[in-house]
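Residue numbers begin at 1 in each chain, while the letters A, B, ... track the order of the sequences. FYI, side chains are in, hydrogens and waters are out, and symmetry mates aren't considered; it's all heavy atoms of this structure.
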There are 2 protein chains.
Amino acid sequence: MKLRHPHATEDCRAVSEILQRIGDKWSLLVVRRLGQGPMRFNELRAAVGGISQKMLTTTLRTLERDGFVTRTVYPTTPPRVDYELTDLGRELEIPVKELAEWAITNMGRINEARRRFDSSMAA
Amino acid sequence: MKLRHPHATEDCRAVSEILQRIGDKWSLLVVRRLGQGPMRFNELRAAVGGISQKMLTTTLRTLERDGFVTRTVYPTTPPRVDYELTDLGRELEIPVKELAEWAITNMGRINEARRRFDSSMAA
DNA sequence: AACCGTGGTATCTGATTGAAACCAACACTA
DNA sequence: TAGTGTTGGTTTCAATCAGATACCACGGTT
């Protein structure tokens, strides 16, 4: 039993962790929107669509913590908070876009596989 | 406000869904292992390490449903079940590997950002 | 009959999600 | 000057989901 990649497990865990991080329900949607330029909170909320206030806050906080977005508060009234992608966030988009393209071109195959599987289960 | 990518939202949801699918705790670990060749259930369980029986079953079922792995039962006694990557599964590895490399090379930056964020919160 | 190895299921608990209500600060209006 | 609205956020709570633990079915061995 040869292991060609001695660190495969750790690396794989790292990747798995990252995927879990950005693979939640909203992170990518938010990142994609911010990829088109900085946005304020409610603007982003409307653009993403269907996200609750709390989840947007949570998502943005986590993205900020991981260094993917910056949060800038302008102490005006009413308050104004701008969110913007960092360099890291913009760099992340590159491999994500690759995967995105794969996902889009292969979604049909996946859905077909699912249909096949589900109908063979029903039998 | 120009939208250069009219279908960005749907596409993004597709990607987000895929990431959620393969971004769970075990899918990638399993796919990686199977990338080295077909394996039986308990063999895979030992190779992945730390995964419960139920989670391996669940993970494999979902991967099978999505058309990433095949499940072959040999009705011997004791039963023997082989799992193997499909073409789709092997193709998936390509963009995932890209993201994997990004994740590995940038993990340091992410962790650093987290440390910074956490310590600035503690203040 | 007791036991082991195979792969799989049922149960139960803690985390996550998300909807709805509430909060703080300030400006504008009546 | 009390009331109302805007903006970004937190709190609360019900529902859902992930995952660990314990158990099950089957047949061969002893």
Inset, instruction - Provide, to the nearest angstrom, the distance between the CZ atom belonging to B:R40 and the P atom belonging to C:dG5. - result: 13 Å
Legend entry - Rounded interatomic separation in angstrom, taking CE from B:M39 and C1' from C:dT6: 17 Å
Legend entry - Distance, rounded to the nearest Å, where A:K54 contributes NZ and C:dT16 contributes P: 11 Å
Legend entry - Touch class at under 4.0 angstrom, heavy-atom based, for B:P78 against every strand present: sugar-phosphate
Legend entry - Phosphate OP1/OP2 of C:dT17 contacted by A:W26 side-chain N/O (<4.0 Å): no
Inset, instruction - Ignoring backbone atoms, test whether A:N42 places a side-chain nitrogen or oxygen under 4.0 Å from the OP1 or OP2 oxygen of D:dT6. - result: no
Legend entry - Between C1' of C:dA10 and CE of B:M55, the distance in whole Å: 15 Å
Inset, instruction - Report the residue (A:V81 or A:Q20) whose heavy-atom-nearest nucleotide on DNA chain D is the more 5′ of the two. - result: A:V81
Inset, instruction - Could you walk me through whether B:R80 and B:D82 pass the salt bridge (charged side-chain N to carboxylate O under 4.0 Å, His left out) test, one step at a time? - result: CA-CA 7 Å; B:R80 173 200 175 95; B:D82 270 25; 3.3 Å; yes
Inset, instruction - Let me know the distance between CG of B:L56 and C1' of C:dG7, rounded to the nearest Å. - result: 10 Å
Legend entry - Closest heavy-atom pair and its distance - A:P79, A:R40: O-NH2, 3.5 Å
Legend entry - 5' precedence on DNA chain C between A:K25 and A:Q53 (nearest-nucleotide basis): A:K25
Inset, instruction - State whether B:R80 places a side-chain N or O below 4.0 Å from either non-bridging phosphate oxygen (OP1 or OP2) of C:dG7. - result: no
Legend entry - Under-4.0 Å side-chain N/O to phosphate OP1/OP2 contact, B:T77 with D:dG27: no
Inset, instruction - Would you classify B:D24 as touching base, sugar-phosphate or nothing, given that sugar-phosphate means primed atoms plus P, OP1 and OP2, and contacts are heavy atoms under 4.0 Å? - result: nothing
Legend entry - Polar contact flag, side-chain donor to acceptor under 3.5 angstrom, A:S27-A:R21: yes
Inset, instruction - Just call it for B:Y74: base, sugar-phosphate, or nothing, with non-hydrogen atoms closer than 4.0 Å on any strand. - result: nothing
Legend entry - Protein-nucleotide distance (B:L44, atom CG; C:dT6, atom P), rounded to Å: 14 Å
Legend entry - Phosphate contact (C:dT9 OP1 or OP2) by B:R61 side-chain N/O below 4.0 Å: yes
Legend entry - Value in whole Å for how far the P atom of C:dT16 lies from CD1 of A:I51: 16 Å
Inset, instruction - Check for a donor-acceptor pair, side chain of B:N106 on one end and backbone N or O of B:R109 on the other, with a separation under 3.5 Å. - result: no
Inset, instruction - Would you mind telling me which of A:R114, A:R115, A:R116 makes a salt bridge (charged side-chain N to carboxylate O under 4.0 Å, His left out) with B:D66? - result: A:R114
Legend entry - Rounded distance (Å) that lies between atom P of C:dA20 and atom CZ of A:R45: 11 Å
